[in-house]
Structure formats: structure tokens, C-alpha cells
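Only one structure is covered here, and it is reproduced in the block below.
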Amino acid sequence: MEEKRKRGLHGGPLLILFLGHMTSALEVPLDPKVLEGLPQPPTITHQSPKDYIIDPRENIVIHCEAKGKPHPTFSWTRNGTHFDIDKDSKVIMKPNSGTLVIDISGEKAEAYEGVYQCTARNEHGTAVSNNIIIRQSRSPLWSKERNEPVYVQEGVPLILQCRPPAGLPPPIIFWMDNNFQRLPQSPRVSQALNGDLYFSNVLPEDSRSDYICYARFPHTQTIQQKQPMSVKVLNKGPVEDRKPTFQVPTGTSSTKMVLRGEVLELECIAEGLPTPEISWQKESGDLPSGRTSFLSFQKVLRIVGVTEADAGAYRCTARNSLGSVHHIITVTVKAAPFWISPPRNLILAPQENGVLICRASGNPKPVITWSMNGIPIENTPKDLSRKVEDDTIIFSDIQTGSSAVYQCNASNEYGYLLANAFVNVLAEPPRVLTPPNKVYQVIRNNLALLDCASFGSPTPNITWFKDSQTSVLDGDPYVLHENGTLEIHVAQKLNSGKYTCVAMNSLGKEENHVFLEVKEPTRILRQPEYKVVERNRDARFECKVKHDPTLTPTMIWLKDDGELPDDERFEVDSESLTIKDVTENDAGTYTCIMNTTLDQDSASAMLTVVEQPGPPTDLELTDQGTRSVQLTWISGDEHNSPIQKFVIQYEDGLHQPGVWYNLTEVPGTKTTAHLKLSPYVHYTFRVVAINEVGMSQPSYPSRQYKTDPAAPDENPSGVQGAGTEHNNLVISWKPLTGLQANGPGLQYKVIWRQKEMEKDWTSVTVANVSKFVVSGTPTFVPYEVKVQAVNDYGVGPEPRAHIAFSGEDLPRAAPENVQVMVQNSTLAEVHWDPVPHSTVRGRLKGYKVYYWKEKSLHRHNPHHEEQQVLTFSGNKTHGKLPGLHPFSLYTLNVRVFNGKGEGPPSSNLRFETPEGVPGPPAFLKIMSPNLDSLTLKWGPPVERNGRLTGYTLKYQPINTTSNELGPLEEIALPANETSFTLLNLRYSTRYKIYFNAKTVRGSGPAITDEVVTIMDEVLWRQPAVHVGTGYTAPPHPISPITQSLRPPFYKVRPVGPAFGNVSSSVKENGAVISWEYWGPDKNVYIEYIVENSKEDWKKEFVNGSQTYHIKGLKPGTSYKVRVVAKDQSDETVHSTEELLITVPAMASRQVDIATQGWFIGLMCAIALLILVLLIVCFIKRNKGGKYPVKEKEDAHADPEIQPMKEDDCTFGEYSDTEDHKPLKGSRTPSNGTVKKDDSDDSLVDYGEGGDGQFNEDGSFIGQYSGKKEKDTTEGNESSEAPSPVNAMNSFV
């Protein structure tokens, strides 16, 4: 043992010394031209991944490509044994390749699953591929299950499990609803990593029936759907808040193992109320920066590219307002083998030494094994020149013929690595691999490196020469590196030139020439300068550069050492930066960087942004004249920007106080201005300074300066004339301003004459107006008009004449010879003769064609439509009328119009449009299906557009399996038919039906439907409707009769009855009427009347519904009800049969409470109240007062008792003949009669059933106490007042 240890100690220095001699071993040449001429063992260049999942719908392709000299041959093993490709016709190998293509058409892909390995060999060695595991992708169906509804109390947690089928690779899970919309997720509701849906607490809005889990299998791009799950949230009382607890993971701690380089995902989901918030931290340090992210609302911690440093304890915390809870997850990091130094190909010359090193790491530490040409190295013939020591193979004094491919395998329990490296024993003369005549460029005073990459076996020796010199370059300033590179520390211009490198070994030599160019450095000659720029102006920085003329420069600008703002205001050109419309944010330091391919230079400057100037001060007026004055001022602060100009503004205190106008401008270098003024103005001046930034605030105003009045200097502008009536001319103008008036008493002299008819001018002077009306003019003749300004100090200059026309009148003639030429069923052309010009009496604007539809020719009743107008400008004599209805009668007339209006219409002209194709049938109803027949009912088209010539019925069967349509059958039906029975159909078959109408012009659009013939006979009972009992639902059918993909018919106007299925149900306060309606008229009403009454029917509008609630019907009364449809003229076009309904009387509540104590007290109070009422009644009677009860009785024909009025708390009508009838609040039997024994109602009935009958103290409020005394002359007086005793008897 000790002896072995000593040998090991002595062997250490020898190995180090040996490895020191390995430096002469050759690297694999990279030049393809070199490789082409060298013998080379095989090298695997491309192979399929180790774990290869295939698509069973496609052929299997297993890649294996290799190179070598000569080109290698290929063979395969499957599951460790030779795979004979020639014996399987489904497997082929690509030419000059080891790639396998397996045709699985007609075969199951599972038959070719297994472990494959490719071998590439030539006479110099054998390379092998990884073990390629072929597995078929799988996307299994979800197991059938029935999901019962989940009932859960509001506020509690909930987990909806997905449990997807196991696929290869595993599926991607997501939750959606029936509309294929992703279910919304939040910190309260989220999907876990396993696909389950977690609710921290449920809310009422979580109730839904379409929680659907989907699994998408990415390899086959298929999606499997789980059966929908229904959640119903219950509310059984208040929900209590609770502190968080973890749903995932459970307990206080857990562990997690992850492999190095993979993605670590830690998950914590908590429940609680309010919804908890999740946070993460690492116990022993910080979370890795740049590799950490949080998913699913902080519930998932994700770390990519895991390293050993990521191992440790991670704490997730769930917290809400009631507390917090923690969970520790301990993460361990293992590692599949990974390369530290994979073996590299080795080229050696005979008798040279070399070494192959294969170093890998992992956790646990991987085991290194070696193979040669695919055979474990311990099973190969012994080679004295080769020594294996763990992860290293040492070659010494290697001999020709020892070329081979060595495989290094590093493996542990989590995986393996396999690398091929060949040892190629060569004897080759030197070759220089650096391209000949390569040019190297460097900047003066910088480092220069000249390459001389070479290859040879043995390794060549490198020497350098310059230009035509014969001496070897060695020593200052040159340094020769071991790889043949020549270094020049500080390159100068004199170092430029041609360099020759010579590679030499025992088998020969080769030389190569390269060139060195030393360039001048790049320098900025004109640097950007400090700028002071006003806001909203442009700033420009220059950056002029000198560089070597053979180099191309590129300029980059920075702001405050960062990129320029992404703003179009920044413009960069070859030698400058321009900033448009500078703002305060643009201030800062700007840097110009000039780059070439070899070097760069930079320079910086600051930009300062300044503001607008301050306002001028100390305004003073001097040299005052009649129409001029001198204004001086002191300039305000320039704010680092010279003032460009001053603007002098004025206010006219006499005519427009408070309004400022610009008067003149002066340069910014002046502070005085000579101002020209207008007469009769009270001037006040102020000054505004302007520089590059903008305008200053105005100065304080000067003192007021008044000028003397004078005659006007100008006349009004905008003079024009036009007539408003046929016999006048309105002359208008733009009045002068106070500044233009030049003096008081401003007036206008209006002058006119008829052009070419009058020589003398007529004039009138007006004031304070801007127009004048000349009356009594001829209609629409030209005039010359002028307006002159006049004031108290004289008249203005001679005015210029303007042409104007007097007023227009309505045209007096109608167009004649109006003709209509019908182009087609929807277009007509109208022609007319123009009216004489003299009858236009104005400026001709054009013609208007009025037209309207009288009726459709297939209807007997007229159908007037709104009148339409088409306008044709100018002197046109024809026009087209589009959009007409086919087969209709139209009327039109034509009128001329001018600026005044329209002339008389031409005579009405009627014309007819020809027939067109009809619209779709009004409806199509499929009736009476049988085993082999169907009955169709339909209504003619609402838009017939002509005389119907018949109908076309087409039908064809549908193959429910393939959804293909069968042969199409066609049947022609006459126009007078509205039903037809299809015979000889196949039972239990779906048919598609097409149905359209025809005129002489062709077929109209079809309506379609689909129907299934009956599969078995069943008995249907029609619902029974009885007055007063409502709708009785039909029993459930045994099997379906028809199955329609659309509604079975269209509710459009039919030929027969437009109403159907009329039913009613009655309640105590009204009746509900329902019906079906197919007519086109939208004005549908409910009409009702008391049975045997001679009053008019009451009418209530339905507003498009097919159900209506009639309110306010009298209990115990019978009514006649009908539903009607009316046209636009309020004529009834459709009506249902009259329904007789009876509203049930309100039943009395018989509650025996006579023995109750509170009832006895209440009765005493009522008796006292009645006594007071008796006294009041006798007093009023003695005074001759009249009670209005009898008057109301005589005024109403209805003998029924009226309810108490709620507005004045008085009784309704009172009958002396039927005292036994109940008051409001009592209940009557359902047959509407009142029994004698039931006439004396208890007070309980009135206390609960009536409104407004008692005060808070229980006193009675009625006709006798609450009504004011009426005038004795009102109404029909009664000979005697009803006794209040009778009223009393009705209560007790």
C-alpha cells in the first residue's frame, strides 16, 4: 500500500511534465479546404434529440448525419440489438446519410417505439449517436363523467378539479365558458399549476353553469373538453371574515427538488375572507435578480435557469386584515451531468504525444466511462501508447494507424452526456490557414496583431519578415506569440507595409503575405458650443470631425449621457443636431460621438432655455399734433434674449372702451415711436415687447390723448342690394366704426337709380342703420346703388356704384308637355318643356318634381305614401325618379322655382310601374308531420310587386352523418294555394325546404327551413283555455315530432286569419290576454266592453307585445274582449273573435274576532263616532243642506258600488235600494252575488281591506264628515236625504 502511494507521488511530477509536452498536439483545422484533403475519422454532425416524441399522423424521421474522409457508412440498433433496415419495407435510409424515414401509413406508430442508436464508421474509426428514445405523442379523451351541481355557501373556499387525462407531452390546461371566453381570474379566483380552479372565497357572481376545463395537447394541436361544471352560491345568512389558511400546499412545510438549468415553480394558494395577499422571500438570502418572476397574482414564484445557489428555504406568506400564515418550502438542486470540458478532436503527428480530457460535473457526481469506436475501452486490444486515467486518456509516442474515435460517457441518475472525439494520426507538410493578402487596419499609436494561423503535422515553426527584408522580425517593437501571431505594441505610420509569415516543419514549408495599414485617429475639430435658446425656438449644435479619409464615420448624439428623446423635434444630420421648438425639458448636456470602424471621439455642450422679456415701463407722450404724437418708453428685462420689436397698441375710450388694437411696430433697438392718429378718438396707448421666445405682458397704459373731429376719410364697405319682396330693393352696407367716423353726427347718404332706365340719381340720408329699403320697384330689374359717409364736419369721398337687383316674385307659369317614360319597375324618366324666361320673375334656380305612390296595383284599397320631391338645378328639362315600387300607380307634377319660391304645379300625371319579382312569402309553417309526409302552410308575400303566377317548392334530404345534401326535388304550385302536403318522404329523415313566390318577372327570394320527419307516433294534447282559469300546460311528449334549426314559421301577414292561439287568464284586478299575430300592420289594440253595455268599446295600444294586462276591471263584472289590428287610416283590418271573461268578486274574510278585547274597544269608539255623525246630519237637515250622495247616484248609470275615493277621503256612489252591497274592502263570492247573511260585514274586513276609511284615532272618514256643503242650486236635488241610520246598519 505504501509502495503504491509512493508510486502515485512520484507519478505526479512525471504526469505534469508529460502534459507540459502536450502543447505540441495539433488542433482540428477549421478551414474546410484543409479538411477536404485530410483523412478523417467520422464525426456526428446532426442527430435527433434524446427524447423524441413523434406525431402518429406523420412519418417518423430519425436524424443521423456525419462527416469523415472517406464518407462514413451508417447502421442502427433498436433496443440494444441490430436493426436490419432491409427487412422492413416501411423503413428507408436517406442516401449518403444515416437518417431513417419510417412510413407509418397503415401501421401503428407504437410498433416503432423504442431506443435507437446510430453508428457512423469509416476505415479510421466509428462514431455513435446518443440513445434516441422514440415515443408516440398521445392525447387521450377525457373519461366520461357526470358532474353534479356544486352548492356552496357564500364566502367559503372552493376547488373545481380539472383532472385532465395523462398525455404525452402533458397538456396545457385553461378554463373557459360556453362562449369560448376565458373565465376571468383574480387574486380571489385563479388556476393552479395542476389545472384546478381555486376560489379563496366564493361570491354570488360565481354562480354559473359553464365552468369548463380544456386540455390542449401541443404536439398534436388537439383540445379536449371536460363536461361543464355548475356552481350555485347560496346565501344563508351573514358571512364571517376569517384569517388565511393554505389550500396548496398543505401543512407548514414541504420540499421541492429541481434540476440545475431547469425552471423552478413554487406555488402557494390560500383561502380566507377578505381575500389574502401572497408574498415570497428566501430565508437565507435574496431572490435571484433577473431570473425571478411572479405569476398567477403572486401565487407562483418562478425562477428560470436554476443554479446550485438557488437551493434553500423559501417562505410564502398569506395575509389579510385578520392575520397571516406561513409555509416553508425547502428546495434542493440536483444536476444531470453537464460539461466542464468535453473532449476535443486531436490531430497528432507520428511519435507525438497528446491527451484527451473529458470533464463533467453533476449532482451526484457523474461516472466517466470511455469507449473506442463504440466498444468499451476495456474490451479493446491493449495499446501501449495509450493510458486511461479516470477522465483523461494520455497518448505517448503515438504510431501511424492509431487513428480512432473515442466516446466519453458521463452519467448519473438524472441523465447522461455522450461525446465523440477522434484522434487522427497525420503526417502533413505545413499549410497557412490565414487568408492570403489579408489587410489589417489599426489607428496610429494603438496595438496591431497580425495572424498566421497554420496547420501541419508535426506542428510548423513560424517566422515573420517585413517587405523585402531578409532578417527575421524579433524583438522591439515586435512580439511573436506561440500561435504564430505577430504583435506590434504601438503602431506607427512607418509600420505600414507588407508582412510575410513562413510556416516550416520536417516535411516542408509554406509562406503567406498580409498587409498592415496604420490610420490617422478620428478628432472633433469643431465642438458643440454652449447654447442659450428661447422656448419654442430651434437649437442647433455643430460637431465637425476630422478622420482618416479611408474610414467612414458615424455620428451619435446623447442627452445627459442617455439616448436622445424619441421626439421628431430632434433632427440629426452629418455634422449637427437641431432641436425644433425648444422647451424647458430640452435643457441639459448634449454629447457628440463620432465613430469609425476603428476608433471614436466625443465632445459635449450645454443648452440653456430662456423665457420671454419683461413688459416695457414709463410710457410718456410728447410732440402732440392734430393727427400725431410721440410715444417713448423704457425697455423691460430681456431675459438673455434681445428684444426684436415693440408693438404699440391703443384703446378708443370714446367708441370702444376696453378693446385694444395694434397700431404700429418699431425695432427692438428703439424705445420711441412717432404715431399717426385718426380724428375724433380718445387714445390710450400701451407697449408690448417681442423677442425670439414670444410676447411680454403689456405695459401699464399711458395717459389719454384726444384728437379733434374731421370729415370722414372713407365710405362704408360691403355695399350690396337685393329685394326681399317682388316690389322692393334692400340696400345694405357695413357701418363705419367709431374710429372711422372722424367726428360726431355720422350718417349715410344712400343713392340709387335703375340701370340704363334712369339718368337722375335718387338719394336719402339715414343714421344708425345699415340698410335702406327702396319700395315700388319693378320685379327683378338691375339698379346702381352707392352709399356715402357724412358727419357734422363734412362728407366722405365720392363713393363707387354697385349693381343690385330688385326683389323676385313667384314664377307664374307651370312646365308644360310633361311626359313620363318608365325605364323599369323601379325607375322612371320625366321630361318637360322649360317655362318662358319672362314668367320666371326672378333668378331661375331649377325645377322640382313632386311624386307619390297612389296604390299598389294588386291591392283594391288605396295606399297613399308620403309625397317625395326631387330637385333638378338649372335649366334642366328632364330627370330620373329612382327607387319606385314595382306594379304601383304613381302621380307626379313639375314646378319651376326661383329665389322666391315655387311656381304653380303642372297638371298631375299618372303612370304605372311594371311588375317586378315578389318578396319572400309572408310565412312558412310546417304542420302535421307524419312518417312519410309533411304539410306546409304559407302566406303570400307582403311585397307582391305584381300578380303572383305561382309558388316554387324545392326540398332535398340531408345526410346527418356527412351533412351532405341529397337530390333536389322541385314542385310548382298555383298562386291561389296556401297549403300543400308533401308525400312519399322517408321517415326519420331531415329535409331542407326552399319556398318562394313568382310573378311574370321571375322568382323572388326564398325562405328556407329544415325539418325532421317523425320517428314514432305520439299523441299531443292541445292546451285548454277556460275563461277565468288561465292556461293549462300540455303534457310532455313521448318523442319529438319535428326538429327545426330555425323558428318554424315567420310571423308576417298571412292570407287567412292574422291572429291565432288567443287565450286569457283573469285576476281580481284585471285580465291577461295573450295571442299570436302574423300581420304586417303594427297598430295592434286591445278592445273591451262590459257585456250587454251600449257604450263604446274601450281601446288600449299594445306597442308590439303579444301579451297584455288589462287593469282596473270591476270585480264581479263580465266583459267582452277582442284584439284588433288597424292600418294607418285607423281602419280595422284584422280582429280576433270576442272573448267573454268574468272578473271574480273579492271574497269576504270571515274572521270571528267579536270576543277580542281590542275589538270591543274599537266598537265603542265607532258607536261614539256614529252618534256624532247623527247629530251633524240632523243639524244639516234642519238647515236645508243637501247631501251629494244622491246626486252622484243619479249621475252614474252603473249600479255597482264605487270604491271610496282616495283623493278626498269620501265615499263613492250610494244606493238606497241596495244597502246590502259591500263597500270597498269587503270580499264578494266568486260568482259575483252577495248573500243576505253576508251583508253585515265585520269591522275586521274594513280595517284590513279598505284604504283611507279610518283616521289614526279610529274615527270614520266618509261622505258625511269630509265633504263640504254644496250650493243648493247644484245637481238634481233629492226630496229627502237618506237616513244615516241605514249607513250605520251596514257597519254593525
Side-chain angles (χ1 to χ4, degrees), residues 142 145-164 171-216 223-252 254 265-281 293-302 314-327 329:
W142 231 297
E145 58 182 347
R146 181 183 179 90
N147 294 324
E148 297 295 334
V150 178
Y151 295 90
V152 60
Q153 174 65 26
E154 179 182 355
V156 304
L158 174 65
I159 303 174
L160 295 182
Q161 294 182 337
C162 180
R163 293 198 296 265
I172 298 171
I173 306 301
F174 52 94
W175 289 79
M176 302 179 77
D177 59 16
N178 276 333
N179 298 321
F180 300 101
Q181 299 296 318
R182 284 189 179 269
L183 294 176
Q185 298 190 23
S186 65
R188 186 179 64 85
V189 183
S190 62
Q191 178 181 318
L193 294 176
N194 67 351
D196 292 349
L197 193 63
Y198 281 77
F199 296 75
S200 295
N201 51 78
V202 296
L203 298 177
E205 55 262 32
D206 295 328
S207 292
R208 61 191 302 159
S209 60
D210 57 350
Y211 286 94
I212 306 175
C213 181
Y214 289 86
R216 179 168 68 87
I223 297 178
Q224 304 290 351
Q225 171 186 341
K226 186 182 180 72
Q227 288 296 320
M229 288 182 274
S230 176
V231 173
K232 299 185 184 300
V233 180
L234 307 177
N235 186 353
K236 295 183 179 179
V239 181
E240 294 185 358
D241 292 351
R242 60 185 183 277
K243 66 179 296 185
T245 57
F246 282 110
Q247 295 173 289
V248 172
T250 57
T252 60
S254 58
E265 288 185 329
L266 304 180
E267 181 178 43
C268 278
I269 302 176
E271 61 93 1
L273 192 66
T275 301
E277 295 181 354
I278 305 295
S279 61
W280 293 86
Q281 67 182 60
S293 59
F294 298 97
L295 309 176
S296 190
F297 309 98
Q298 297 286 115
K299 298 178 184 180
V300 175
L301 170 64
R302 190 171 193 264
Y314 292 80
R315 175 192 294 266
C316 69
T317 304
R319 179 180 289 106
N320 67 8
S321 57
L322 298 185
S324 63
V325 64
H326 309 284
H327 185 92
I329 305 176

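- Summarising the geometry, atom CG belonging to Asp241 is positioned 7.5 Å from atom CG belonging to Asn320; distances are rounded to the nearest 0.5 Å.
- The two residues Thr317 and His326 come nearest to each other via the heavy atoms OG1-ND1, 3.0 Å.
- For the atom pair CG (Asp206) and CZ (Arg188), the distance works out to 4.0 Å, reported to the nearest 0.5 Å.
- Atom CD of Gln298 is separated from atom SG of Cys316 by 11.5 Å, given to the nearest 0.5 angstrom.
- For the pairing with Tyr198, the side-chain contact (heavy atoms from CB on, under 4.5 Å) check across Leu160, Ile269, Val189 returns one residue only, Ile269.
- Put simply, the side chain of Ser200 never gets that close to the backbone of Gly272: no donor and acceptor are under 3.5 Å apart.
- Between Val231 and Leu158 there is a side-chain heavy-atom pair separated by less than 4.5 Å.
- A 4.5 Å side-chain heavy-atom check between Trp142 and Cys162 finds at least one atom pair inside the cut-off.
- Applying the side chain to side chain donor-acceptor pair (under 3.5 Å) criterion to Arg242, with sequence neighbours excluded, gives Glu271.
- Under the rule for a side chain to side chain donor-acceptor pair (under 3.5 Å), the partners of Glu265 that lie at least two apart in sequence or sit in another chain are Arg302.
- Here the side chains of Leu183 and Arg208 are in contact, with some heavy-atom distance below 4.5 Å.
- Using a 3.5 Å distance cut-off with no hydrogens or angles, the side chains of Thr275 and Asn201 do pair a donor with an acceptor.
- At least one side-chain heavy atom of Pro249 sits less than 4.5 Å from a side-chain heavy atom of Cys268.
- Checking side-chain atoms of Ser190 against main-chain N and O of Gln185 turns up no donor-acceptor pair under 3.5 Å.
- Rounding to the nearest 0.5 angstrom, the gap separating the SG atom in Cys213 from the CD1 atom in Ile173 is 5.0 Å.
- Using modelled atom types, one finds no donor on one side chain facing an acceptor on the other under 3.5 Å when comparing Asn179 with Asp177.
- The number of heavy-atom neighbours closer than 6.0 Å to CD of Gln224, taken from other residues, nucleotides and ligands shown, is above 12.
- Figure legend: Arg216 and Phe174 shown without cation-pi pairing, the cationic atom not lying both under 6.0 angstrom from the six-membered ring centre and within 45 degrees of its axis.
- Here the shortest heavy-atom pairing between Gly195 and Trp175 reads O-NE1, 2.7 Å.
- For Glu145, the side chain to side chain donor-acceptor pair (under 3.5 Å) criterion is met by Lys226, not counting sequence neighbours.
- Nearest heavy-atom pair across Leu301 and Tyr314 is CD2-CD2, 3.8 Å.
- The shortest distance between side-chain heavy atoms of Pro149 and Tyr151 falls below 4.5 Å.
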Determine, step by step, whether Phe199 and Val152 satisfy the side chain to side chain contact (heavy atoms under 4.5 Å, CB included) criterion, reporting the C-alpha distance in whole Å, the side-chain angles of both residues, the deciding distance to 0.1 Å, and the verdict. CA-CA 11 Å; Phe199 296 75; Val152 60; over 6 Å; no
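- Distance CZ/Phe294 to CD1/Ile278: 11.5 Å, rounded to 0.5 Å.
- At a threshold of 4.5 Å between non-hydrogen side-chain atoms, the residues Asn178 and Ile212 count as touching.
- With contacts defined as side-chain heavy-atom distances shorter than 4.5 Å, the pair Gln191/Ser296 does not qualify.
- In this pair, Tyr214 and Phe180 present their aromatic rings tilted. The plane angle is within the 30 to 60° band.
- Between Asp196 and Gln247, the closest side-chain pair of non-hydrogen atoms is not below 4.5 Å.
- Between the CG atom of Leu203 and the CG atom of Asn235 there is a distance of 11.0 Å, given to the nearest 0.5 Å.
- Between the side chain of Lys236 and the main chain of Glu154, no donor-acceptor pair closer than 3.5 Å is present.
- The two atoms that bring Pro228 and Ser209 nearest to each other are CB-O, 3.9 Å, heavy atoms only.
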